Amino acid sequence: MSATGIAAMAETTAANAVAAAAATAARRLTAGEHHRFEAAGQPFVYLVPSAAIFALDETADAIMRTLTERPYTRDELIDSLAGTHDRAQLDATLIELARVRAIDDVAAPEKKHPKILPLTPFPLTTMVLNVTNQCNLACTYCYEYGEDKIVDTKNGKQPKFMTEETARQSVDFMLKEAGDNPTAHLTFFGGETLMNFPVLKRTIAYARQRAAEVGKFVDFSLTTNATLLRPEIIEFLAENQVGVTISIDGPKELQNKFRVFHNGQGSYDVVAPKIKALLQRHRSRPIGARVTLTSGTLDVKRIYTHLTEEIGFWEVGFAPVTTASGRGYAIEDEGFNDMLRQFEALAYEFLEAAVENRHHGFSNVKETLQEIHKGMSKAYPCGAGLGLMGVSTDGNVAVCHRFAGSDAHKLGSVRDGIDREAQQAFLERHHIAEKTDCAKCWARPVCSGGCYHEAHTRYGDTTKANLHYCEWIRGWTDVCLRIYGELASRNPAWLAQFDREEMAEKVS
Ligand code: SF4
Ligand code: SF4
């Protein structure tokens, strides 16, 4: 048995106790919470409590499979497998499996995810600034303006555009809340972000100056629908090395299904040449596309090929539309199965490229591999409300950009700072230990109940687990574990890039 994840075989007191149990004839042993998968012709286990991955040799696999069926004492187990395996090898492997907590004493108390809240103040790593809540497109499925919107940005009290003063206050807030972190990430968002380009431009200059004064570095990025890109803006983004993500749904007929102007006209013919001009000029950072998948535009491979080969994007990330159930464009059960099959095919294309150290732009698989590689069992699905916060046009701070402007999800303001009580209450209520539906799910180290905004849209409650897409999440996590196992066997050096990136982030 060998470790392929980053979690070490920690010889904790508790682990040694289980190992002792494994060595005691009378104790009954059972398989610990795990997910078995195969990659590169070899079995692996993903251990749920520790999120560690181990490759199993034949003996270890036989033990795990047998103990998954029912509990055995050590002697019963060795007797039952002695016909096909060496007794001494079985004994040694049992002890080793117990040490890494792959097997457990059946009498051990049921382990729950410990409810340990992060220490606050927690450094803010990413601030998403909603510089406007207005948009020049009217995408039918949009969570901000469509049927599932949280904030009334048309008639509500929110200013439609962030002022320069609020943007400056936001920068000061971000640099203060970044704590000891040397780098802060500032992402501009909307509405359509570029509708407030003048404020964006001046905010970057201000953030640069303030960051230099306090000895920090600010990394800038934005999301845009690309309709307002023009030579002057492209020049600015290139010169300032602003990371750009473009929301686009693929070839013309797919883009024009939902991504339309207010008069109903499709946006493809407007955005395609502008994106090409951006890609040609802005080469200092990879430019990514972000695709919203719906039941009517579920053609992953075609969209990917169009966006990478015909438009020229470096990478493409897909997300199923966030919507209440029953909307015509919502992806439901069969749609999730279809999406999984297509993701799997593209992920295996990614694998073949990674084995040969070639680039492949399917960013969903890379992001999940990175999470698996970190070996973290997440207490929260994402950084929202912790290292990531969204700021609305009036300077109120929300759990994330999707809740910006919502009083119910407010965590303070850039003027008054973070409301620590509200933040603490948020972290208390959203911890994975509170999601009893997820307690027995093997995918929880990666999923942790899923996006709060998705839960709010589906169930009207951010604390709910997103049980409508569990099969999809488990299926996708299994695909990525298999890809991870293949890479660990066929090109482990490729996985080492995640360690280098983490180190670079720490010292930048
Ligand atoms: S939401 Fe579903 S897939 Fe995610 S951790 Fe909970 S039970 Fe598992
Ligand atoms: S809550 Fe959802 S939308 Fe907000 S940061 Fe987390 S995953 Fe993203």
Side-chain angles (χ1 to χ4, degrees), residues 33-35 46 48-49 51 112-113 122 124-130 141-144 148-151 185 187 189-190 221 223 245 247 290 292 317-323 333 336-337 339-340 363-364 367-368 371-372 376-392 397-406 408-411 423 426-427 429-481:
E33 198 181 3
H34 72 282
H35 174 67
Y46 177 58
V48 179
K112 292 197 177 135
H113 197 115
F122 193 90
L124 186 63
T125 48
T126 303
M127 180 177 75
V128 186
L129 208 56
N130 281 33
Y141 53 53
C142 180
Y143 66 85
E144 231 174 321
D148 299 315
K149 67 174 179 277
I150 297 178
V151 180
H185 298 269
T187 298
F189 205 78
S221 58
T223 297
T245 301
S247 305
R290 200 266 189 202
T292 299
F318 297 86
V321 65
T322 297
T323 168
D333 297 351
F336 276 118
N337 293 339
M339 191 169 88
L340 180 59
S363 61
N364 297 66
E367 281 162 18
T368 309
E371 292 220 331
I372 290 170
M376 273 174 56
S377 187
K378 296 194 300 190
Y380 301 97
C382 61
L386 203 54
L388 180 148
M389 292 190 190
V391 180
S392 58
V397 175
V399 166
C400 83
H401 52 294
R402 289 201 176 193
F403 295 101
S406 161
H409 305 94
K410 186 177 159 183
L411 291 184
Q423 185 186 30
F426 173 83
L427 295 173
R429 292 194 305 130
H430 292 83
H431 195 280
I432 185 67
E434 297 294 326
K435 293 180 181 167
T436 46
D437 290 316
C438 304
K440 301 248 183 249
C441 172
W442 67 261
R444 70 178 183 279
V446 174
C447 172
S448 198
C451 169
Y452 308 130
H453 180 253
E454 176 89 21
H456 183 277
T457 309
R458 277 272 167 163
Y459 311 112
D461 183 352
T462 52
T463 65
K464 293 266 191 253
N466 284 291
L467 300 179
H468 58 285
Y469 63 33
C470 296
E471 287 313 311
W472 143 250
I473 290 289
R474 283 192 280 262
W476 175 238
T477 308
D478 178 67
V479 168
C480 291
L481 284 169

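Everything numeric here is computed off the predicted structure, so don't read it as measured data. We count ligands from 1, going down the list as the structure has it; atoms in each ligand are counted the same way.
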Determine, using heavy atoms of G449 and all atoms of ligand 1, whether some pair is separated by less than 4.0 Å. yes

Out of R429, H430, H409, which one pairs with T462 under the side chain to side chain donor-acceptor pair (under 3.5 Å) rule? H430

Closest approach of G387 and F122, non-hydrogen atoms and distance? N-CD2, 3.9 Å

Which ligand 1 atoms, with their elements, are less than 4.0 angstrom from a heavy-atom of C470? 1 (S), 2 (Fe), 3 (S), 7 (S)

What protein atoms of element N, O or S are positioned under 2.8 Å from atom 4 (Fe) of ligand 2? C400 SG

What pairs with H468 under ring-ring contact (aromatic ring centres under 6.0 Å, His included), at least two apart in sequence or on another chain? Y459

Please list, in number order, the atoms of ligand 1 under 4.0 Å from a heavy atom of R444. 5 (S)

Which of the atoms of ligand 1 are close to C438, meaning less than 4.0 Å from one of its heavy atoms? 1 (S), 5 (S), 6 (Fe), 7 (S)

Does a side chain donor of either S221 or H185 reach within less than 3.5 Å of an acceptor in the other side chain? no

Which ligand 1 atoms are under 4.0 Å away from a heavy-atom of C447? 1 (S), 3 (S), 4 (Fe), 5 (S)

Under 3.5 Å donor-acceptor, N130 side chain and G390 backbone: no

Between L388 and C382, does a side-chain contact (heavy atoms from CB on, under 4.5 Å) hold up when you go through it step by step? CA-CA 8 Å; L388 180 148; C382 61; over 6 Å; no

If I take atom CZ from residue F403 and atom CG from residue L411, how far apart are they, to the nearest 0.5 angstrom? 10.5 Å

Any donor-acceptor pair under 3.5 Å linking the side chain of T477 with the backbone of A443? no

In ligand 1, the atoms that come under 4.0 Å of a heavy atom of C441 are 3 (S), 5 (S), 7 (S), 8 (Fe)

